[in-house]
Structures are given as C-alpha cells and as structure tokens.
Amino acid sequence: MATRKVTITLDEKLADAMSSAAQEAGIPLSRLIASAAEREMRFSFGRRVVADWQEEHGAFTPEELAAARAEIAAADLEYLQGRQAAGAA
C-alpha cells in the first residue's frame, strides 16, 4: 500500500493521550491515527448510506431502531466474550 506523509495539528492533550495509547498498544502513533481516520471514514460512509436509504424509504421506525440496537448489543457482547476467551487461553 502506498503511503504519504502528512502534517496534522492536534490539541496537545489529545496528542499526548494518543501517543500514550499507541505506546500501550505497541504500535506507531501514525498507525493509531490512520486507524482512527479510517474508522471515521467508514462511519461517514455508513451515515451517507443510511441517509440515502431513509430518503428513499422513510425514517426508521422505533421498532426497527430497537431491533438494530439489540443486534448491535448482541454482536458487541459476542466480540467481547471472544476477546476474553482469547485472553484466557
């Protein structure tokens, strides 16, 4: 994958916190920042897809939102339990 060096400006406390988080994770700060940027791009894309869908089909009902939240909670729980199991192994 091609990379490009860029310069960004961050609040000093945020930069310190991110640097500490990267050190704790054992990864370069640039990787942590790139991951955060990629995650934000995915969220942005997802919000556009949802907005487009709702524009065509109407807003989600409270029942649809509740079902989606339940599925997300179940997926989160499954993910966290898998991480705990992997850590115990």
Side-chain angles (χ1 to χ4, degrees):
M1 171 174 55
T3 61
R4 180 174 53 160
K5 187 173 183 173
V6 297
T7 301
I8 62 170
T9 303
L10 299 172
D11 174 84
E12 193 171 327
K13 288 181 181 180
L14 176 59
D16 290 343
M18 292 185 79
S19 182
S20 294
Q23 285 179 336
E24 288 174 18
I27 60 173
L29 178 58
S30 60
R31 184 183 305 168
L32 181 75
I33 292 172
S35 294
E38 182 179 353
R39 188 169 40 256
E40 180 57 33
M41 295 302 298
R42 289 176 186 268
F43 286 150
S44 178
F45 175 76
R47 287 188 294 269
R48 282 195 311 270
V49 168
V50 169
D52 290 348
W53 190 93
Q54 288 189 80
E55 188 176 307
E56 184 176 336
H57 301 284
F60 292 114
T61 66
E63 294 80 15
E64 290 170 324
L65 291 171
R69 288 184 181 110
E71 286 187 40
I72 290 168
D76 286 347
L77 181 60
E78 182 179 326
Y79 172 77
L80 292 172
Q81 288 174 338
R83 285 185 56 120
Q84 288 174 346

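Please read these numbers as outputs of a predicted model, since none were measured by experiment.
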Exercise. Above 12 or not: heavy atoms from other molecules or residues under 6.0 Å from CZ of R47?
Worked result: yes
For this session: Establish whether V6 and L32 are linked, either directly or via other cluster members, by ILVMFWY side-chain heavy-atom contacts under 4.5 Å.
Result: yes
Exercise. Does V50 share a hydrophobic cluster with F43, counting links as ILVMFWY side-chain heavy atoms below 4.5 Å and allowing steps through other members?
Worked result: no
Exercise. For F45, which residues count as a side-chain contact (heavy atoms from CB on, under 4.5 Å) partner, sequence neighbours excluded?
Worked result: R48, V49
For this session: Calculate, to the nearest 0.5 Å, the distance between atoms CD and OG belonging to E24 and S20 respectively.
Result: 6.5 Å
Exercise. Between M18 and I33, what is the shortest heavy-atom contact and its length?
Worked result: CE-CG1, 3.5 Å
Exercise. I27 and I8: same hydrophobic cluster, using ILVMFWY side-chain contacts below 4.5 Å?
Worked result: yes
Exercise. Is the number of heavy atoms from other residues, nucleotides or ligands under 6.0 Å of E40 CD greater than 12?
Worked result: yes
Problem set entry | Residue pair P28 / R31, side-chain heavy-atom distance below 4.5 Å | yes
Exercise. What is the distance from atom CG of L10 to atom CG of L29, rounded to the nearest 0.5 Å?
Worked result: 8.0 Å
Exercise. Between E64 (side chain) and T61 (backbone), is there a donor-acceptor pair under 3.5 Å?
Worked result: yes
